[in-house]
S.K.: 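Quick one: the structure is below, questions incoming.
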Amino acid sequence: MASLAQHVAGLPCPPLSGASRLRPAAPRRPPSALVCGTYALTKEERERERMRQQFDEASERCRTAPMEGVAFSPEDLDTAVESTDIDTEIGSLIKGTVFMTTSNGAYIDIQSKSTAFLPLDEACLLDIDNVEDAGIRPGLVEEFMIIDENPSDETLILSLQAIQQELAWERCRQLQAEDVVATGKVIGGNKGGVVALVEGLKGFVPFSQVSSKTTAEELLGKELPLKFVEVDEEQGRLVLSNRKAMADSQAQLGIGSVVLGTVESLKPYGAFIDIGGINGLLHVSQISHDRVADISTVLQPGDTLKVMILSHDRERGRVSLSTKKLEPTPGDMIRNPKLVFEKADEMAQIFRQRIAQAEAMARADMLRFQPESGLTLSSEGILGPLSSDSPSEDSGEEPTDE
């Protein structure tokens, strides 16, 4: 058989007729590239083959001996994770960084294996449309309270509102202890009273604790001075009083003092003036020394003016006002109200001096019947101690020069 193959191999083999015209002959590799009947690999092919072999070896090691060369076991890894994990108990505080916001809330990075999410309704004490309205944006670092855990995927539910509520209740307790007047905005109401927002919390103001007779619709959107009547965080009760706050404000209004006011409304008998949250009545007879037939010719709602306090009833919450006493000359409030505004403080000072002198004269008349008091009245109408140089009513002697 071998001799036959050698014999056949040695026979000449002419090409087929027309074969050279069908296709060109394939290029032949140099004889040095033939090894055992196969072609030698190029440099790039050898590199790919080497990487394939390394990959196969690594895959085999991962399959047969995955922990070979690793300095710790899976148990050691679990122990390390547990030792560096944070406290995820409900009610505990945790620091985190906002890394993504959505229409429903924000995702928080708390440096833990657990996922954390801040829902929209837990982002702020106020009602907001998106978390950005509360200043919550990617990159914000804040302290959160853990309020729940989603059992399906173990996601921690966080809250900023819970922390803000605790601070707000503490602030309200402090204001109540200090008997401080706070400002609240009316956001709702019912037949019993109105709901006001104070320090971010919703408080109730009964109509019995509102200084003026009005309806919830009329007070809606207005800001009221308020005092704290009851602050009970456990029961969620926050009761407020506008009447007590107004009583304190009225106590600071001395008779004869001048305050800035705004005309609220006009009535046939006078004008109601808002003087810093207190409604006072400027009676038609106290507008000017001259007769005022039609109030609307002198005042209009929204006008700003200076008025003098004539009297105030703290129990009823009524304040009587006057511009008549502030006129430099009778009728100026009708003819030149700007002059009355400019001269108001000066005229009020003159008015107070006259009142003081009148009171001093009245007391002096009483002291004439009580000489043992040791007081006398000066020529300016000011009471003072009776000096040794003063004439004695009993002796009738004139003072002599030493």
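Only heavy atoms go into these numbers, but all of them, side chains included; no hydrogens, no water, no symmetry mates.
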S.K.: Do Val263 and Gln300 have side-chain heavy atoms sitting under 4.5 Å apart?
M.R.: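 In short, these two side chains do not touch, never coming nearer than 4.5 Å.
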S.K.: Run the salt bridge (Lys or Arg N to Asp or Glu O under 4.0 Å) test on Arg52 and Glu49 for me, step by step, so that the C-alpha distance in whole Å, both residues' side-chain angles and the decisive distance to 0.1 Å come before the verdict.
M.R.: CA-CA 5 Å; Arg52 186 186 65 78; Glu49 180 66 17; 2.5 Å; yes
S.K.: Can you name the side chain to side chain contact (heavy atoms under 4.5 Å, CB included) partners of Arg173, sequence neighbours left out?
M.R.: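 Expected list: Trp169, Glu170, Val231, Glu233.
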S.K.: So, for Ile295 and Pro268, which heavy atoms are closest and what is the spacing to 0.1 Å?
M.R.: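 What the structure gives for the nearest pair is CD1-O, 3.8 Å.
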S.K.: For Cys172 versus Leu201, what's the shortest heavy-atom pair and its separation?
M.R.: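 Nearest pair, atom of Cys172 first, then Leu201: SG-CD1, 4.1 Å.
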S.K.: With side chain to side chain donor-acceptor pair (under 3.5 Å) as the rule and sequence neighbours excluded, what pairs involving residues 285-296 come up?
M.R.: His283-Ser285, Gln286-Ser322, Ser288-Glu327, His289-Glu327, Asp290-Arg335, Asp294-Ser296
S.K.: Take Ile273 and Leu321, measure what side chain to side chain contact (heavy atoms under 4.5 Å, CB included) needs, and give me the verdict at the end.
M.R.: CA-CA 8 Å; Ile273 313 296; Leu321 308 172; 3.6 Å; yes
S.K.: Only pairs at least two apart or in different chains count here, so list each salt bridge (charged side-chain N to carboxylate O under 4.0 Å, His left out) that has a residue in residues 146-161.
M.R.: none
S.K.: Could you give me the CA-CA distance, side-chain angles and deciding distance for Leu160 and Glu142, then say whether side chain to side chain contact (heavy atoms under 4.5 Å, CB included) is met?
M.R.: CA-CA 9 Å; Leu160 281 175; Glu142 190 59 85; 3.5 Å; yes
S.K.: Can you list everything that forms a salt bridge (charged side-chain N to carboxylate O under 4.0 Å, His left out) with Lys227? Sequence neighbours excluded, please.
M.R.: Asp179, Asp248
S.K.: If I compare all heavy atoms of Ala271 with all of Leu266, which pair ends up nearest, and what's the gap?
M.R.: CB-CD2, 3.7 Å
S.K.: What's the verdict on side chain to side chain contact (heavy atoms under 4.5 Å, CB included) for Ile146 and Ile157, showing C-alpha distance, side-chain angles and the deciding distance?
M.R.: CA-CA 6 Å; Ile146 301 174; Ile157 307 302; over 6 Å; no
S.K.: If you apply the rule side chain to side chain contact (heavy atoms under 4.5 Å, CB included), what do you find for Ile275 with Val307, and how did you get there?
M.R.: CA-CA 9 Å; Ile275 50 174; Val307 291; 4.1 Å; yes
S.K.: Using the test side-chain hydrogen bond (donor to acceptor under 3.5 Å, both in side chains), find all partners of Glu223 that sit at least two apart in sequence or belong to another chain.
M.R.: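 Applying side-chain hydrogen bond (donor to acceptor under 3.5 Å, both in side chains) to Glu223 gives none.
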S.K.: Got Leu140 and Thr97 here, is their nearest side-chain heavy-atom distance under 4.5 Å?
M.R.: no
S.K.: Should Leu281 and Val319 count as side-chain neighbours, where that means a heavy-atom distance under 4.5 Å?
M.R.: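 Of all side-chain heavy-atom pairs linking Val319 with Leu281, none is under 4.5 Å.
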S.K.: Tell me, which pairs form a side chain to side chain donor-acceptor pair (under 3.5 Å) where one or both residues lie in residues 130-141, sequence neighbours left out?
M.R.: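 For residues 130-141: Thr101-Glu132.
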S.K.: Could you pull out every donor-acceptor pair under 3.5 Å between side chains of residues 183-195 and any protein atom, sequence neighbours left out?
M.R.:
residue, atom, partner, partner atom, Å
Asn190, OD1, Gly192, N, 2.8
Asn190, OD1, Gly193, N, 3.1

S.K.: Identify, with sequence neighbours excluded, every residue that meets side-chain hydrogen bond (donor to acceptor under 3.5 Å, both in side chains) alongside Glu122.
M.R.: Ser159
S.K.: Using distance only, find each side-chain donor-acceptor pair of residues 336-347 under 3.5 Å and give its atom names and separation, not counting sequence neighbours.
M.R.:
residue, atom, partner, partner atom, Å
Asn336, OD1, Leu339, N, 3.4
Asp345, OD2, Lys306, NZ, 3.3

S.K.: Are Asp56 and Ser59 close enough that a side-chain donor and a side-chain acceptor fall under 3.5 Å?
M.R.: no
S.K.: Compare every heavy atom of Leu175 with every heavy atom of Ala182, then report the nearest pair and how far apart it is.
M.R.: CB-CD1, 4.4 Å
S.K.: Do Leu326 and Val258 come within less than 4.5 Å of each other through their side chains, counting heavy atoms only?
M.R.: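 Leu326 reaches Val258 side chain to side chain.
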S.K.: Are Leu299 and Leu305 packed together at the side-chain level, in the sense that at least one heavy-atom pair is separated by less than 4.5 angstrom?
M.R.: yes
S.K.: Glu60: what forms a salt bridge (charged side-chain N to carboxylate O under 4.0 Å, His left out) with it, not counting sequence neighbours?
M.R.: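 Per chain and number, Glu60 pairs via salt bridge (charged side-chain N to carboxylate O under 4.0 Å, His left out) with Arg63.
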S.K.: Main chain of Val210, side chain of Arg243: is a donor-acceptor contact present, judged purely on distance under 3.5 Å?
M.R.: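 Checking the backbone N and O of Val210 against the side chain of Arg243, a donor-acceptor pair under 3.5 Å is found.
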S.K.: Listed by chain and number, what are the side-chain hydrogen bond (donor to acceptor under 3.5 Å, both in side chains) partners of Gln235, not counting sequence neighbours?
M.R.: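 By the side-chain hydrogen bond (donor to acceptor under 3.5 Å, both in side chains) rule, Gln235 matches no residue at all.
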S.K.: Are the side chains of Met145 and Leu93 in touch, meaning some heavy atoms are under 4.5 Å apart?
M.R.: yes
S.K.: At their closest point, which heavy atom of Val131 faces which heavy atom of Thr102, and how far apart are they?
M.R.: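 Between these two residues, the closest heavy atoms are CG2-O, 4.4 Å.
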S.K.: Charged N to carboxylate O below 4.0 Å: is that the case for Lys95 and Glu143?
M.R.: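 Judged by the 4.0 Å cut-off on N to carboxylate O distance, Lys95 and Glu143 do not form a salt bridge.
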S.K.: Does the side chain of Gln111 pick up a donor-acceptor pair with the side chain of Asp109 at under 3.5 Å?
M.R.: yes
S.K.: State which residues pass ring pair (Phe, Tyr, Trp, His ring centres under 6.0 Å) with Phe117; sequence neighbours excluded, sorted by chain then number.
M.R.: Tyr107
